[in-house]
Amino acid sequence: MKEFKILAVIMALVGITYYGIEPYAHSVMHPEVAEADFTFKDLKNVDTSLAGNAENGKVLVEANCIACHAIEAAGYPAVMPNADAAASYGVVPPDLSHAGRVYDKNYLANFIFDPVSAMHLQHKYAPDSGKAFPMPSYNWMSAQDIMDIVAYFQSIVPKMTEYKAQHKATFETACGRCHNMKYAGLEATTPADVIKEHMGATPPDLSQYIKSRGEHYLHSFINDPQVLLKGTSMPRVGLTEEAQKEVIAYMEEIGDSKKAERETLGLWVMAYMVVFAFLAYMWKRKIWKEVH
């Protein structure tokens, strides 16, 4: 019984140490952040309760968007090669084919109204900073016109039946202009030297971020990078909850494709350790019974 008493003492000491330090670690060193907000309730510039008219939205998009943005799903190709677009704007303007599905309606409407405030980049593009965000604010538009544009984007979303293809499309829409995913053979559409100058640092390759950061961290960070990395140049992307799950699922498919197999194997390893511990204990009793 001596061994069990020693084990009990060790477990008690470990428990006291852990529960004494862990709350401090999380409250001071790694404080909890607010839950991800997929309604973007801080954005209130546009009345998103208005019903949009997709036909009028199409007219407005043709007049205001396709000079910079491709919309391949609607037959509007990019007006210039990626390298030229990046040189002109600092980053390649996104193809808007999936915008109506990937981005939250409230975020998308308020992004059109004022991109900088929607993305939480006021610290980078402050009025006295001398920097101008590549996309202008459309705060001169009526709320109805903005919701018409949103309705148009929602009406042209390509139908995809293969979930992995949809995950990839969502990742490319949300992340692919700045980030590489070399394990999948994907390179950022914005050239590395241009995006480094635009962002102030080279955005990381995301091939292994599912392992190095973890799913919980990514859910908070993607929803609003400022809550975990104050002052970062990465914008709030504005994804819906479902789209964000698709991005993380794609990162997992590429960077941790053996997750299910590894977790199943882990159960067998734990079972082996339990059996091994039992056999070791029985062997110890047999060898040392005379000493006890």
Side-chain angles (χ1 to χ4, degrees), residues 36-40 48 52 54 57-58 61 65-66 69-78 82 91-109 111-112 118-119 149-190 203-211 213-225 234-261 263:
D37 174 21
F38 292 104
T39 64
F40 303 94
T48 56
K58 182 176 187 293
V61 166
C65 305
I66 61 174
H69 294 277
I71 313 178
E72 293 286 353
Y76 302 109
N82 286 341
V91 63
V92 175
D95 185 306
L96 300 177
S97 298
H98 295 268
R101 182 186 66 84
V102 168
Y103 301 116
D104 171 76
K105 180 177 73 171
N106 186 44
Y107 177 90
L108 185 55
F111 179 89
I112 295 168
M119 293 189 298
I149 292 174
V150 171
Y152 173 70
F153 287 142
Q154 291 176 331
S155 72
I156 62 168
V157 174
K159 298 293 188 290
M160 307 187 75
T161 57
E162 213 285 309
Y163 75 92
K164 287 190 176 182
Q166 181 160 300
H167 292 175
K168 181 181 179 183
T170 303
F171 176 87
E172 290 177 326
T173 298
C175 314
R177 294 182 300 137
C178 303
H179 293 281
N180 295 334
M181 180 71 88
K182 289 186 177 178
Y183 280 27
L186 299 178
E187 289 195 10
T189 55
T190 305
D205 184 293
L206 299 181
S207 298
Q208 285 288 285
Y209 254 49
I210 190 66
K211 289 182 179 178
R213 295 297 186 270
E215 184 177 340
H216 177 74
Y217 178 94
L218 289 173
H219 270 298
S220 296
F221 187 78
I222 295 171
N223 182 254
D224 188 355
M234 178 172 164
R236 178 168 63 167
V237 184
L239 301 181
T240 65
E241 185 171 7
E242 185 60 32
Q244 184 165 301
K245 287 179 181 177
E246 290 174 7
V247 167
I248 293 175
Y250 184 70
M251 295 173 71
E252 192 171 277
E253 290 160 14
I254 300 303
D256 196 8
S257 59
K258 301 291 185 181
K259 179 181 178 181
E261 181 179 337
E263 290 178 344

Would a 4.5 Å heavy-atom cut-off, applied to side chains only, mark [X] and [Y] as touching?
X: Y76; Y: H69; answer: no
X: Y250; Y: T170; answer: no
X: P203; Y: M234; answer: no
X: K168; Y: L186; answer: yes
X: V157; Y: F153; answer: no
X: H179; Y: D205; answer: no

Show me the donor-acceptor pairs, under 3.5 Å and distance only, between side chains in residues 235-242 and residues at least two apart or in other chains.
unit_1	atom_1	unit_2	atom_2	d
R236	NE	A118	O	2.9
R236	NH1	D42	OD1	3.1
R236	NH2	D42	OD2	3.1
R236	NH2	A118	O	3.0
R236	NH2	H120	NE2	3.3
T240	OG1	A243	N	3.0

What distance separates [X] [atom1] from [Y] [atom2], expressed to the nearest 0.5 Å?
X: C175; Y: M251; atom1: SG; atom2: CE; value: 7.0 Å
X: I210; Y: S257; atom1: CD1; atom2: OG; value: 12.0 Å
X: D224; Y: M119; atom1: CG; atom2: CE; value: 12.0 Å
X: H98; Y: T173; atom1: NE2; atom2: OG1; value: 5.0 Å
X: T48; Y: K105; atom1: OG1; atom2: NZ; value: 5.5 Å
X: E253; Y: K259; atom1: CD; atom2: NZ; value: 11.5 Å

Go through the steps for V150 and Q154 under the test side chain to side chain contact (heavy atoms under 4.5 Å, CB included), then give the verdict.
-> CA-CA 6 Å; V150 171; Q154 291 176 331; 4.0 Å; yes
What residues, two or more places apart in sequence or in another chain, satisfy side-chain hydrogen bond (donor to acceptor under 3.5 Å, both in side chains) together with E172?
-> none
Would you name the heavy atoms of [X] and [Y] that are closest together and state the gap between them?
X: I149; Y: V61; answer: CG2-CG2, 3.8 Å
X: P158; Y: A73; answer: CG-CB, 3.6 Å
X: T189; Y: V92; answer: O-CG2, 3.4 Å
X: Y103; Y: A174; answer: OH-CA, 4.4 Å
X: A78; Y: A70; answer: N-CB, 3.5 Å
X: A36; Y: H219; answer: CB-O, 4.1 Å

Where at least one partner belongs to residues 95-104, residue pairs that pass salt bridge (Lys or Arg N to Asp or Glu O under 4.0 Å), sequence neighbours excluded = R101-E246
Got a donor-acceptor contact below 3.5 angstrom from the E162 side chain to the A165 backbone?
-> yes
Does the ring centre of F171 sit less than 6.0 Å away from the ring centre of H167?
-> no
Check the pair C178 / V91 against side chain to side chain contact (heavy atoms under 4.5 Å, CB included), numbers first and verdict last.
-> CA-CA 8 Å; C178 303; V91 63; 4.1 Å; yes
Can you establish whether the number of heavy atoms outside Y183 located under 6.0 Å from its atom OH is more than 12?
-> no
Given N82 and T190, is the side chain to side chain contact (heavy atoms under 4.5 Å, CB included) satisfied, shown in steps?
-> CA-CA 7 Å; N82 286 341; T190 305; over 6 Å; no
Might you work through the salt bridge (charged side-chain N to carboxylate O under 4.0 Å, His left out) test for K182 and E187, ending with a clear yes or no?
-> CA-CA 7 Å; K182 289 186 177 178; E187 289 195 10; 5.8 Å; no
